[in-house]
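Counting starts at 1 for both ligands and their atoms, following the listed order.
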Amino acid sequence: MSMLADRLKQEIAAQGPMPLDVFWREAMTAADGGYYAGGAPIGAGGDFTTAPEVSQVFGELAGLWLVDVWVNAGRPPEFTLMELGPGRGQLMADALRAAAVEPEFLESARLVLVEASAPMREMQAERLAQYGPEWRDDWESALAAEQDAPLFLVANEFLDALPIKQFLKTDGLWRERLVGLDAMGAFKFMLGDIVQPPNPGSAVDLDAAPEGAVLEHGEERNLLASSVARRLSEYDGAALFFDYGYAKPQTGATLQALAAGRPSDPLSAPGSADITSHVSFGPFLSAAEIAGARGWGPVEQGVLLLGLGAEQRAAQLVKNAEPAAAEQLMAGLRRLLHPQEMGRQFKAAALLPAVYPPPTGFDY
Ligand code: SAH
């Protein structure tokens, strides 16, 4: 058994079952064996592949989107360009290469990367050295530190990694799901006291939910939305989030764990698998609006990328490519856009100060 699993078991034995979000946070970020302390899970041979790894067009279009909102904000001469969870640095490398169409954008940007994983930071340092990035461990300290300049932010598959709580309806009442231990000392789901779960929005009727319904609550995700929104309202800027998720609040468990590309048990071996859940964009965008910004979307990733010119960009690349590379480019594009691949399940949402019209791609 890993040191981390051992420590969590001791904590549960001493203090009782822990909320799912607390267990999840430990499993991912603990220094003594958390998932991010280990190797590099993304890309070929890793636990999962992400859109920027599938096609350079993804990062390029994200970069051009950021340049576009920066131009619309009046080209602020100094700003923070922040990425949350940059992974192998591919998105930002492609974004900044594309952003070179506006040299002033590159000159004005101070690049801040929010990354919990040391091995990931090393890869980012390699790919992005020429832009002189700075790193922060977590989004709270990053937003607290970069206070006095406009913020242009991008994040792909970051929100899904932030821990959530789950509530389960049994005997007509809601209880929080906790992680405890079974008689053999293995981790297992248990139930806490009867509680009233946080209101997920009017699309879900908590009283009418059937026996066994699960409600997921992404408090940290919503807090992130309101912190970014406050910052944008005060200092200007824009934020673009991509993630798999759903627009309308709903019940249903979406918690999942992946190890070496295969579904695995989220509880059995903390630190060995990537734990994520789908993002509920409704509460995320509401949190931003309550904090004074305007939330746009979510739109399907395929629809947004098409709107931003994915096909034209791919056609340009194909023109100059060898046949094998051209085929690979088109396959990558298809994977990003096609509704049955990443095009529909993944969504994009944008946050901007309330005074701005809809940004490019969200003006439908
Ligand atoms: N955006 C990248 C990687 C997505 S995976 C891509 O699209 O390829 C999630 C990334 O977020 C990883 O780099 C992971 O190490 C980082 N991460 C996850 N949770 C984090 C947290 N709470 N704080 C900081 N970084 C985190």
A.B. asks: Got an N/O contact under 3.5 Å between Pro52 and ligand 1?
C.D. replies: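 Not met; the criterion fails.
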A.B. asks: Output the list of atoms in ligand 1 that are nearer than 4.0 Å to some heavy atom of Gly87, sorted by atom number.
C.D. replies: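 Listed by number with element, the hits are 2 (C), 3 (C), 13 (O).
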A.B. asks: I'd like to check whether Leu162 has a polar contact with ligand 1, where a contact means an N/O of the residue lying under 3.5 Å from an N/O of the ligand.
C.D. replies: no
A.B. asks: Considering only heavy atoms of Ser117, which atoms of ligand 1 have at least one such atom less than 4.0 Å away?
C.D. replies: 15 (O)
A.B. asks: For ligand 1, note which part of Pro86 has a heavy atom under 4.0 Å away: side chain, backbone, both or neither.
C.D. replies: backbone
A.B. asks: Distance under 4.0 Å to a non-hydrogen atom of Arg25: what atoms of ligand 1 satisfy this?
C.D. replies: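 Contacts of ligand 1 toward Arg25, numbered from 1: 22 (N).
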A.B. asks: I need the contact type for Phe158 against ligand 1. Using non-hydrogen atoms and a strict under-4.0 Å cut-off, is it side chain, backbone, both or neither?
C.D. replies: side chain
A.B. asks: Angle class for the His278/Tyr244 ring planes (parallel below 30°, perpendicular above 60°, tilted otherwise)?
C.D. replies: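 Perpendicular, since the angle between the ring planes exceeds 60°.
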A.B. asks: Determine yes or no for a side-chain-to-main-chain donor-acceptor pair under 3.5 angstrom, with Glu115 supplying the side chain and Arg136 the backbone.
C.D. replies: no
A.B. asks: When you compare ligand 1 with Glu115, is there at least one nitrogen or oxygen pair between them that comes in under 3.5 angstrom?
C.D. replies: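 N/O-N/O distance under 3.5 Å: yes.
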A.B. asks: Taking the side chain as C-beta and beyond, is there a heavy-atom pair between Pro249 and Pro283 under 4.5 Å?
C.D. replies: yes
A.B. asks: Under 4.0 Å, counting heavy atoms only: does Asp137 come that close to any atom of ligand 1?
C.D. replies: yes
A.B. asks: Which of the listed options, Ala118, Ala142, Ala116, holds the heavy atom that is closest to atom 24 (C) of ligand 1?
C.D. replies: Ala116
A.B. asks: Are Arg88 and Glu126 close enough for a salt bridge, meaning some N to O gap below 4.0 Å?
C.D. replies: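 A salt bridge is absent here (no side-chain N lies under 4.0 Å from a carboxylate O).
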A.B. asks: Below 3.5 Å, N or O to N or O, backbone or side chain included: is there any such pair between Ala161 and ligand 1?
C.D. replies: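 No; every N/O pair is 3.5 Å or more apart.
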A.B. asks: Which atoms of ligand 1 sit under 4.0 Å from any heavy atom of Thr50?
C.D. replies: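 Near Thr50, the atoms of ligand 1 are 6 (C), 7 (O), 8 (O).
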A.B. asks: Using 4.0 Å as the upper bound for N to carboxylate O, is an ion pair formed by Glu176 and Lys165?
C.D. replies: yes
A.B. asks: Taking the side chain as every heavy atom from C-beta outward, state whether Leu111 and Glu134 have any pair of such atoms under 4.5 Å apart.
C.D. replies: no
A.B. asks: Looking at side-chain heavy atoms only, is the closest gap between Leu352 and Trp296 below 4.5 Å?
C.D. replies: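 The answer is yes, as the side chains (C-beta and beyond) meet within the 4.5 Å cut-off.
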A.B. asks: Is Arg88 close to ligand 1, meaning an N/O of one under 3.5 Å from an N/O of the other?
C.D. replies: no
A.B. asks: I need the single residue from Leu153, Leu81, Thr80 that forms a side-chain contact (heavy atoms from CB on, under 4.5 Å) with Val112. Which is it?
C.D. replies: Thr80
A.B. asks: Taking the six-membered ring of Phe284 as reference, does the cationic atom of Arg221 (NZ for Lys, CZ for Arg) lie under 6.0 Å from its centre and within 45° of its axis?
C.D. replies: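 Pair Arg221/Phe284 does not count as cation-pi.
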A.B. asks: Any N/O of Asn156 closer than 3.5 Å to an N/O of ligand 1?
C.D. replies: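 So ligand 1 has an N or O lying under 3.5 Å from an N or O of Asn156.
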